[in-house]
Every structure is written in structure tokens, then in C-alpha cells.
Protein chains: 2
Amino acid sequence: MMRLSTKGDYGVRALIDLAIFGGDGPVQRSEIARRQQIPESYLDHLLAQLRRDGFVRSTRGPGGGHELARPADEMCLLHALESLEGSLAPLACLEDEAEDHEHSVLCGQQWVWREIYDETRRRLTAVSIADLAERERQRLRARTTNYTI
Amino acid sequence: MMRLSTKGDYGVRALIDLAIFGGDGPVQRSEIARRQQIPESYLDHLLAQLRRDGFVRSTRGPGGGHELARPADEMCLLHALESLEGSLAPLACLEDEAEDHEHSVLCGQQWVWREIYDETRRRLTAVSIADLAERERQRLRARTTNYTI
DNA sequence: ATATTCTCGACTAACTTGGTCGAGTATAGC
DNA sequence: GCTATACTCGACCAAGTTAGTCGAGAATAT
């Protein structure tokens, strides 16, 4: 159905959470899970992936937890999502590694999707985790004064 | 993984096939399947869906087969794909029916994907099955003179 | 030592994808 | 009305992905 899975959703929310609540020391997985409403044992896998790809680093033991591995404004949404979801190419033949392009099939649609894919990546590159965190901060402030949604 | 499935691929290719080889009478499912390299019994389901949504009509019995239900230049790629794949919204909360928007979660990313989704639909609306068929015709002509790909 | 926190792999249920198959229905032509 | 042709429809199935759970183990602060 061509949809982003919860991996990308949860994982990016974890990064945003770290951007907001990190800063003074590591944040525990259990805290992120509670705040973002993500099953902790599932979040475990997502953080592992983000660690492997250099988005977060972690320390064990009491007082340990997770931190962003680099500044939030140097992390774009595209790369975070690609880490969590794999390639976002809407067609396999648009993948970067696609040397064995079986573009013979569905070649007709290919050019349309190529443009859409390029445009999508351009937009996702222009948004950083810091941008998303800023929006989230505003939303959190608004919630304290608003009636409930 | 956020990818178009073979339903959209096969189904659109079937429509293109009908746009090219229809015109003088119905085209048999077996012919489409052979030309487009699609398992015939699978194509059956896709044509059923396209029939339900008014893209093709069919006649039974000897000499029967499938035809486009309306001119190919009045069928846009977006609607064909939506018939075959369901909504192309990258997030459930972007779906048209999403009244129960649980946009509280992942609200941070939502605006980005909203723009991407709008842009995607705009582009897919601008392309008709007739456009795709024309490209395919050119490709078929080229193949007769080219060395093999 | 011990409690805390992350790490890693195995396992699972539900769902989607990409089909296959067979019984049934409509129809053209004789 | 028979028969061959062609579509129709639902049941079924294997493989892969998603969205988890669980438990044993490793690192570390006190």
C-alpha cells in the first residue's frame, strides 16, 4: 500500500525526543518509550538501527541511556528514514544500486516515478531533526494552554 | 519499504496494453498476459478490480475479452494506481477519510509528507494512460531497430 | 557485589503480496 | 440445445514484512 511503517514513525519520534530532552546527559530508553508511546522492547530495535547508522550513541549502566551522535540540525529527515525504513524508492528499479535494471518492465511509468522520487528526497533532505524538534516543542507548549484535542 | 507493488505495475501495463492493442474489438486476457509477461490467473484479479472501478469492461464468450471503458486520455495514472493499490498516502493520517486523525502521533513529520503527497498526486494526475501508451508505442518501434537491451 | 541500563538474537502472530485452482456463468456459432 | 470459448468469483496457499515479545548476557556506576 505504499506506506511508511511505524519504524520510520517511531524512530524519528525517538530522535526528536532525544533532540528535545537530551542535552543534559543520556536519556533512558524507557523514558522515550513512555513519552512517545512506543513499546520499549520494540524501540530497542529501532535505536539499535539508529546506533549502527551513527544517529545515536548509547552508554550502559546506571545513568546511561541514549544521546544524539551529532547536532540535530545536521541530521536530515531523509537519512533518518532511510536508516529506519531502507530505501524510499517507490520502484525497485529507481534504487541507487539498481545496475541490474529490469527497467524493461514498467518502463512506461518509470520516468514519472523518477521525478516524484527525486522531489521527495529533495524535500526530506531539506528538513532536519532540529526543525521537527522545534515544531514539537511548540506543540508541547500549546498543549499546556489548549483544551484537549 | 514504501514501494509500489506489482499490482500497480501489472495493472497499469494491462491498461496500456489495452490502449495500444484494443480499438478493434476486445483483447483477450491471455493475450495481455503473454505480451506483458503477467501470470494470467493473477491478471484476472487485477482486471476484476479495474472493471469494478470502471476502467475496463469485458464481454464473455468466444470473441470476448477486455476493452478500456473510456478514452485512454481521460484516464489518469493516479486513479488507475489508486484502484489497484488503494490510497497512495504515505501516512494513514493523510488519507481523505481520516476524520479520526490520530495526528497527535508523528504530527511532526505530517506537514512534510502532506506536501509530498500533494505533489505526488499532482504529478500522477497529469499523466494519462494515453501518454504512457504513446511512450510504449515508441519503445516498441525502437526495439525493432535497436540492438537488444 | 549489585542494581541498572543497554545489547543481541530467537521467536511469534497478523497481515500483505503474489500467486494458483476449480467450479460456475455468459455467449457465439452451429 | 450443444459445445467451445472466454470471463467471474471465491477459496486457498507460500513467502515475506511488520510489529512486536522475551530472555540471556554485557557493561558500568556506586
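Numbered from 1 within each chain, the chains take letters A, B, ... in sequence-line order.
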Engineer: Do A/Ser5 and A/Glu85 pair up side chain to side chain, a donor and an acceptor below 3.5 Å, judged on atom types alone?
Structural biologist: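 Their side chains do contain a donor-acceptor pair, which is all the 3.5 Å distance test asks for.
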
Engineer: Starting at the 5' end of DNA chain D, which residue's closest nucleotide do you reach first, B/Leu47 or A/Thr6?
Structural biologist: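 Whichever sits nearer the 5' end wins; that is B/Leu47.
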
Engineer: Would you say the base of C/dT20 and the side-chain of B/His45 have a donor-acceptor pair closer than 3.5 Å?
Structural biologist: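 Side chain to base: pair found, below 3.5 Å.
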
Engineer: Look at B/Lys7 and C/dG18 and indicate whether a side-chain polar atom (N or O) is within less than 4.0 Å of OP1 or OP2.
Structural biologist: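 No, B/Lys7 has no side-chain N/O under 4.0 Å of OP1/OP2 on C/dG18.
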
Engineer: Between A/Leu4 (CG) and D/dT17 (P), how many Å, whole number?
Structural biologist: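 Roughly 17 Å, once rounded to whole Å.
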
Engineer: D/dG16 C1' sits how many Å from B/Arg3 CZ, rounded?
Structural biologist: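 Whole-Å distance recorded here is 14 Å.
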
Engineer: Send over the distance from B/Glu40 CD to D/dA6 P, rounded to a whole Å.
Structural biologist: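 In whole Å, D/dA6 P and B/Glu40 CD are 10 Å from each other.
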
Engineer: Give one of base, sugar-phosphate or nothing for B/His66, where a contact means two heavy atoms less than 4.0 Å apart.
Structural biologist: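 Since only primed, P, OP1 and OP2 atoms lie under 4.0 Å of B/His66, the category is sugar-phosphate.
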
Engineer: Counting side-chain heavy atoms from C-beta on, which of C/dT5, D/dC7, C/dT4 comes nearest to A/Arg60?
Structural biologist: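 Looking only at side-chain atoms, A/Arg60 lies closest to C/dT5.
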
Engineer: Would you mind reading off the distance between A/Arg29 atom CZ and C/dT7 atom P, rounded to a whole angstrom?
Structural biologist: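 Computing the A/Arg29:CZ to C/dT7:P distance gives 8 Å.
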
Engineer: In whole angstroms, how far is the P atom of D/dT21 from the CG atom of A/Leu46?
Structural biologist: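 To the nearest whole Å, that distance equals 12 Å.
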
Engineer: Is the terminal nitrogen or CZ of A/Arg121 (NZ for Lys, CZ for Arg) located under 6.0 angstrom from the six-membered ring centre of A/Tyr117 and within 45° of that ring's axis?
Structural biologist: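 The answer is yes, since A/Arg121 meets both limits relative to A/Tyr117.
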
Engineer: Looking only at side-chain atoms of A/Gln28, point me to the closest of D/dC7, D/dA29, C/dC6.
Structural biologist: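 That would be C/dC6.
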
Engineer: Check whether any side-chain N or O of A/Tyr10 sits under 4.0 Å from OP1 or OP2 of D/dG20, and answer yes or no.
Structural biologist: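 The answer is yes; a side-chain N or O of A/Tyr10 sits under 4.0 Å from OP1 or OP2.
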
Engineer: Would you kindly say whether B/Gln49 and B/Arg52 are connected by a side-chain donor-acceptor distance under 3.5 Å?
Structural biologist: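 Yes - a donor-acceptor pair under 3.5 Å links their side chains.
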
Engineer: Can you check whether A/Ser58 has a side-chain N or O nearer than 4.0 Å to OP1 or OP2 of C/dT7?
Structural biologist: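 Result: yes.
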
Engineer: I'd like to know if B/Arg13 pairs up with B/Asp9 as an ion pair, taking the criterion as any Lys NZ or Arg NE/NH1/NH2 lying under 4.0 Å from an Asp or Glu carboxylate oxygen.
Structural biologist: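 A salt bridge links B/Arg13 with B/Asp9.
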
Engineer: Taking atom P of D/dT17 as reference, at what distance in whole Å does atom CG of A/Leu84 sit?
Structural biologist: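 Result: 17 Å.
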
Engineer: What's the closest nucleotide to the A/Ser41 side chain, out of D/dC7, C/dG19, D/dC22?
Structural biologist: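 Side chain of A/Ser41 sits closest to D/dC22.
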
Engineer: Scan B/Ser30 against the nucleic acid and name what it touches under 4.0 Å (heavy atoms): base, sugar-phosphate only, or nothing.
Structural biologist: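 Counting heavy atoms under 4.0 Å across all strands, no contact is made by B/Ser30.
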
Engineer: Take A/Thr59 and B/Ala48, find for each the nucleotide of DNA chain D with the closest heavy atom, and name the residue whose nucleotide sits nearer the 5' end.
Structural biologist: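 The answer here is B/Ala48.
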
Engineer: From CG of B/Leu43 over to P of D/dA6, roughly how many Å is that when rounded to an integer?
Structural biologist: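 Result: 15 Å.
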
Engineer: What is the nucleic acid contact for A/Arg51, judged by heavy atoms within less than 4.0 Å: base, sugar-phosphate only, or nothing?
Structural biologist: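 It contacts sugar-phosphate atoms only.
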
Engineer: Measure from the side-chain heavy atoms of B/Tyr42 and tell me the nearest of C/dG19, D/dT21, C/dT7.
Structural biologist: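 Out of C/dG19, D/dT21, C/dT7, the nucleotide with an atom closest to B/Tyr42's side chain is C/dG19.
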
Engineer: How many whole angstroms separate atom CD of A/Gln49 from atom C1' of C/dT7?
Structural biologist: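 The answer, rounded to whole Å, is 14 Å.
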
Engineer: Got a donor-acceptor pair under 3.5 Å from the side chain of B/Asp44 to the base of D/dC7?
Structural biologist: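 Result: no qualifying N/O pair found.
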
Engineer: Please determine, by modelled atom types, if B/Asp131 and B/Ser128 share a side-chain donor-acceptor pair under 3.5 angstrom.
Structural biologist: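 Result is yes, a qualifying pair exists.
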
Engineer: Going from CE on A/Met75 to CG on A/Leu50, what distance comes out if it is rounded to the nearest 0.5 angstrom?
Structural biologist: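 Spacing of CE (A/Met75) from CG (A/Leu50) equals 8.5 Å.
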
